Colleague: 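Just passing along the structure, written as structure tokens.
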Amino acid sequence: DTGVSQDPRHKITKRGQNVTFRCDPISEHNRLYWYRQTLGQGPEFLTYFQNEAQLEKSRLLSDRFSAERPKGSFSTLEIQRTEQGDSAMYLCASRSGLAGSDTQYFGPGTRLTVL
Amino acid sequence: AQKVTQAQTEISVVEKEDVTLDCVYETRDTTYYLFWYKQPPSGELVFLIRRNSFDEQNEISGRYSWNFQKSTSSFNFTITASQVVDSAVYFCALSHHSGGGADGLTFGKGTHLIIQP
């Protein structure tokens with residue numbers, strides 16, 4: 001059973017550019033989560049999907065951010081017109097939808113640096 | 001709103017000492033989950049334990065033990081006979097019970113644990 005994978009692991013971009021990250025959850029996990037972690041802080045919840053439906057979005061998710069999970073498997077997180085404040089680690093997690101399976105398993109993250 | 005407080009920003013101990021990491025939480029939910037995750041220098045969050053709000057039994061797993069006290073809203077984590085490999089940032093987290101729908105985790109700011117040889 002492979003874990004959650006994320007691609008790329010590192011991304012350096014210039015301010016104003018668009019970036020897209022991909023997350024592949026553990027197979028058969030129907031819930032998928034995105035978090036952002038800045039230096040010295042704990043992860044902060046951004047959004048989550050149950051299958052292909054995006055069910056919750058944090059107020060941290062500005063209109064420059066969009067997330068999709070078109071077929072209920074992998075997910076993408078896009079940031080448009082990046083700003084230096086977007087520099088962070090973007091973490092993806094998944095979990096099973098079965099009752100009692102409430103543990104989220106995290107991927108290695110994508111570290112974004114906006115110059 | 002939910003909140004998790006880890007008051008200890010950094011703890012440094014010598015190998016083989018016991019160390020306790022504190023976690024205090026706030027929630028209005030009657031059912032919820034508490035978690036501990038470890039984040040080594042590589043950056044990946046590693047799941048350690050999950051505890052239901054209705055299960056106050058303490059748990060021991062090898063050198064790790066957890067003390068959940070609902071009366072004081074605390075979920076503390078103790079490492080016995082610490083080892084250098086335990087050096088990492090440890091996060092306490094809280095979520096709604098999944099039956100309540102949205103269950104994004106609320107994390108504390110983490111405690112950086114340094115085990116010196």
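Just so it is clear: chains get the letters A, B, ... in the order the sequence lines come, proteins before strands, and each one is counted from 1. Predicted model, so just to flag it, every value in this text is computed and none were measured.
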Colleague: Where does A/Leu46 contact chain B at under 4.5 Å (heavy atoms): side chain, backbone, both or neither?
Modeller: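 Neither part.
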Colleague: Can you tell me how far apart OG (B/Ser95) and CZ (A/Phe45) are? Round to the nearest 0.5 Å.
Modeller: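 If we round to the nearest 0.5 Å, B/Ser95:OG and A/Phe45:CZ are 11.0 Å apart.
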Colleague: NZ of B/Lys16: more than 12 outside heavy atoms within 6.0 angstrom?
Modeller: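 Atom NZ in B/Lys16 is not crowded, with 12 or fewer foreign heavy atoms closer than 6.0 Å.
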Colleague: If you compare all heavy atoms of B/Glu44 against all heavy atoms of A/Gly107, which two are closest, and at what distance to 0.1 Å?
Modeller: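 Closest heavy-atom pair between B/Glu44 and A/Gly107: CG-O, 3.8 Å.
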Colleague: Under 6.0 Å from the CD atom of B/Gln57, do we count more than 12 heavy atoms belonging to anything else shown?
Modeller: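 12 or below, so no.
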Colleague: Counting only non-hydrogen atoms closer than 4.5 Å, does A/Gln50 touch chain B with its backbone (N, CA, C, O), its side chain (CB onward), both, or neither?
Modeller: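 When you check distances to chain B, no heavy atom of A/Gln50 falls under 4.5 Å.
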Colleague: How about CG on A/Leu115, more than 12 heavy atoms from neighbouring residues, nucleotides or ligands closer than 6.0 Å, or not?
Modeller: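 More than 12 heavy atoms, drawn from other residues, nucleotides or ligands, come within 6.0 Å of this atom.
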Colleague: Test B/Tyr37 against A/Thr103 for side-chain contact (heavy atoms from CB on, under 4.5 Å), laying out the working first.
Modeller: CA-CA 11 Å; B/Tyr37 286 86; A/Thr103 298; 4.3 Å; yes
Colleague: Give a yes or no answer on whether the side chain of A/Tyr35 reaches the backbone of B/Gly104 with a donor-acceptor pair at less than 3.5 Å.
Modeller: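 The answer is no, because no donor-acceptor pair under 3.5 Å joins these two groups.
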Colleague: Atom CD of A/Gln37 and atom CG of B/Leu45: how far apart are they, to the nearest 0.5 Å?
Modeller: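 Nearest 0.5 Å value for the CD-CG distance: 6.0 Å.
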Colleague: How many angstroms lie between atom CG of B/Leu105 and atom CD of A/Glu44, to the nearest 0.5 angstrom?
Modeller: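 Answer rounded to 0.5 Å: 13.0 Å.
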Colleague: Tell me, for B/Gln39 versus chain A, whether the close heavy atoms (under 4.5 Å) come from the side chain, the backbone, both or neither.
Modeller: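 Answer is side chain: those atoms of B/Gln39 sit under 4.5 Å from chain A.
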Colleague: When the ring centroid of A/Phe106 is compared with that of B/Phe47, is the distance short of 6.0 Å?
Modeller: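 No; B/Phe47 has its ring centre 6.0 Å or more from that of A/Phe106.
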